[in-house]
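What follows is a set of notes on a single structure, which appears directly below.
Side chains are part of it too, since the values below use all heavy atoms of this structure and drop only hydrogens, waters and symmetry mates. Note that the structure is predicted; figures quoted are calculated from it, not measured.
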Amino acid sequence: MIQTVEKIFREYFPIPEERKKTILLVEDEAIIALSETQRLKKNGFRVISASSAEEAVQIATNDYTIDLVLMDIDLGREEDGTDAAVRILKTRDIPIVFLSSHTEPEIVEKTEKITSYGYVVKNSGETVLIASIKMAFKLYESHLRLKRSEESLKENQELLKATLRSIGDGVISADELGNITDMNYVAETLTGWTRSEAIGEPIERVFKIVNAKTKRRMRNSVDPLVPKEKNMGLDNQALLISKTGSEHRIAESSAPILSEKGYTIGSVLVFRDISKEYSLLENIKESESRFKIVANAAPVMIWVSGLDKKCNWFNQTWLDFTGRSMEQELGDGWAEGVHPNDLEECFQIYSSHFDERQPFSMTYRLKNHNGDWRWIQDNGLPITNESGIFTGFIGSCVDITEAKAALETLAKDLHERDYLYKELQHRVKNSMSMISSIVEIEASRSSDAKLENTLENLVNRIHSVGNLYEMLYTSDNSHSVRLDRYIQKITENLLNAFQEKTNGISLQLDLKDLEIDVKSAIPLGLILNELVTNIFKYAFPKKQEGKISIRLFKEDSWVNLVVSDNGVPFPKGFRTDYSPGLGLQLVNMLVDQLKGSIQWKLNGEKEVSIRFCNKEEHSDEFSVVKS
């Protein structure tokens, strides 16, 4: 069977029974106390008993479950029930009903001065007792509601006073006759009247306003003849004349004070000093006027837009260029003059940068007053006020049609120049290949071994330079080359040239990715060619096995080239600063040309280290080191 929601809710969330009211019964006679307790319990009350005034005070002030005290007056000791009641009420707000056999007027009157929740004569019967207790509870509940209302009213009054004290506007309240009933401190300051002086006075006497321009007396907005839509803005011309004669430009408004039945029982007037704001507004208007004068005289086209992204002003230069009126251009009207092919991109750039509050620069075609399409360079900047709050955008535009055409012509010329330069590199490479081929033919035909060796060296040198021009021809950069790739090409050519002697030689390259200017690459390539050629020729005689290592790396702005081998040592008497052969002389001269340094390691594994800087501004830091 399907259970109802109510049944399930009651099963899992049982409603707690209403708590029984707890009564503190104060009675020194045990039998009477027992009888009264039974009566009270029979009528659904929880009962706690006390037999003395001291015990009653102790229980009532500590046990907050007690809802009512049923107090006997005559407790048979020094302190009676009235004294105990007084002590309890000093600590707790609780209903106390006196239960006594005394009917003397003076005793009853004494209890009435203490509390007024009831006085029951003993033996009046159960009905009277229970009715008196229930009435006491109802009186207490009414007392609590009244107390809460009074506290709420007091809080509201204090809140109203605090609000009036803290509000930055002047506030004056008046009755239905227009006589002042209250005013705050700001109103006192602006009118020159103290609150005590102003209360009861006609509001026209205290709140005296004149027209700022004509100085003629004006009616305040409390006056029933004045429209209630009184202007609170900066354009208000009201001037408040204080009691001391000082003047304040103000904005004011008023509202009626209505009774619960909707009758007008008074009015409240709110006003504030706008002297500084008005002065600032006048300065802004003057600044805007000066800006428009300057902008209209500017040779560039200027536009301004607000927070809605709509353009709200164009200078005269723009209007003269387009031949349209200000009304036609406002909002998005200016877009009617943008070329249809440029409009979407134009709006996209403008809108995205506007949302991000970022400057932008864009070009588009704009129709001029002759109907011609002109290329425009439009630069936009976000505008912020003195507080740094974004208020819109301002842009300036210039006609770049002629400049754009000139740039296109220049780009075309540069493209042709680049083509010619590439062609030149190609021709130089081919010419060097032709020269090296001629030299190789002569070397093969020569019967002189020394001449043949010289011609072979010359071919390798030509290849070294030719490799560079080949790289320049295939590269997009005509000012620098990748030095690591250049070194790879040089070593590949040398391996091919000496392949008969290099079968047992391993070449190890450790080259970092480095770019170098062409002017430095040529001498460095020739240096490497000479060093590696000498190793192939002399370091591994009789096809001896070995290794050659070439390392390229950079330290800060310094380029380091290290060439080493484990072949036979240098001959006895070998000098690094002088050699009758051309190779070593060429190395030293080229190192000097690079303004670098060269170091030789002659013992053990031979090593040559060359170090130079590829920046002309550091050329004074180099010195040639020879050992």
Polar side-chain atom of [X] near backbone of [Y] as donor-acceptor pair, under 3.5 Å:
{"X": "T189", "Y": "Y185", "answer": "yes"}
{"X": "N296", "Y": "Q316", "answer": "yes"}
{"X": "S351", "Y": "F347", "answer": "no"}
{"X": "T191", "Y": "V206", "answer": "no"}
{"X": "N370", "Y": "D372", "answer": "no"}
{"X": "S173", "Y": "D182", "answer": "yes"}
{"X": "N184", "Y": "V171", "answer": "yes"}
{"X": "D273", "Y": "H248", "answer": "no"}
{"X": "S609", "Y": "V562", "answer": "no"}
{"X": "N315", "Y": "V300", "answer": "yes"}

Should we say atom [atom1] of [X] is surrounded by more than 12 heavy atoms from elsewhere, each under 6.0 Å from it?
{"X": "R365", "atom1": "CZ", "answer": "yes"}
{"X": "K243", "atom1": "NZ", "answer": "yes"}
{"X": "R217", "atom1": "CZ", "answer": "yes"}

Answer yes or no: is there a side-chain heavy-atom contact under 4.5 Å between [X] and [Y]?
{"X": "D513", "Y": "R482", "answer": "yes"}
{"X": "W373", "Y": "D342", "answer": "no"}
{"X": "I302", "Y": "T317", "answer": "no"}
{"X": "I209", "Y": "E252", "answer": "yes"}
{"X": "W303", "Y": "F393", "answer": "yes"}
{"X": "L319", "Y": "M326", "answer": "yes"}
{"X": "W334", "Y": "L366", "answer": "no"}

Pair D332 + K309: basic N to acidic O under 4.0 Å: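 No, this pair does not count.
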
Please determine if E150 and K154 form a salt bridge, counting it only when a charged side-chain N lies under 4.0 Å from a carboxylate O.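 No, E150 and K154 are not salt-bridged.
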
Spatial distance of atom CZ (R611) from atom CH2 (W558) [nearest 0.5 Å]: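 Separation between the atoms: 5.0 Å.
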
Look up atom CD1 in I241 and atom CD in E247, then write down how far apart they are to the nearest 0.5 Å.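 One gets 4.0 Å once the value is rounded to the nearest 0.5 Å.
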
Check: F354 ring centroid to F390 ring centroid under 6.0 Å: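 Distance test on ring centres: under 6.0 Å, yes.
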
Do Q377 and S361 have a side chain donor and acceptor closer than 3.5 Å?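 A donor-acceptor contact under 3.5 Å links the two side chains.
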
Can you see which heavy atom on A174 is nearest to which on T181, and at what distance?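 Smallest heavy-atom distance, with atoms named: N-OG1, 3.7 Å.
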
If every non-hydrogen atom of S253 is compared with every non-hydrogen atom of L269, which pair is closest and at what distance?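 Looking at all heavy atoms of both residues, the shortest contact is O-CD1, 3.5 Å.
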
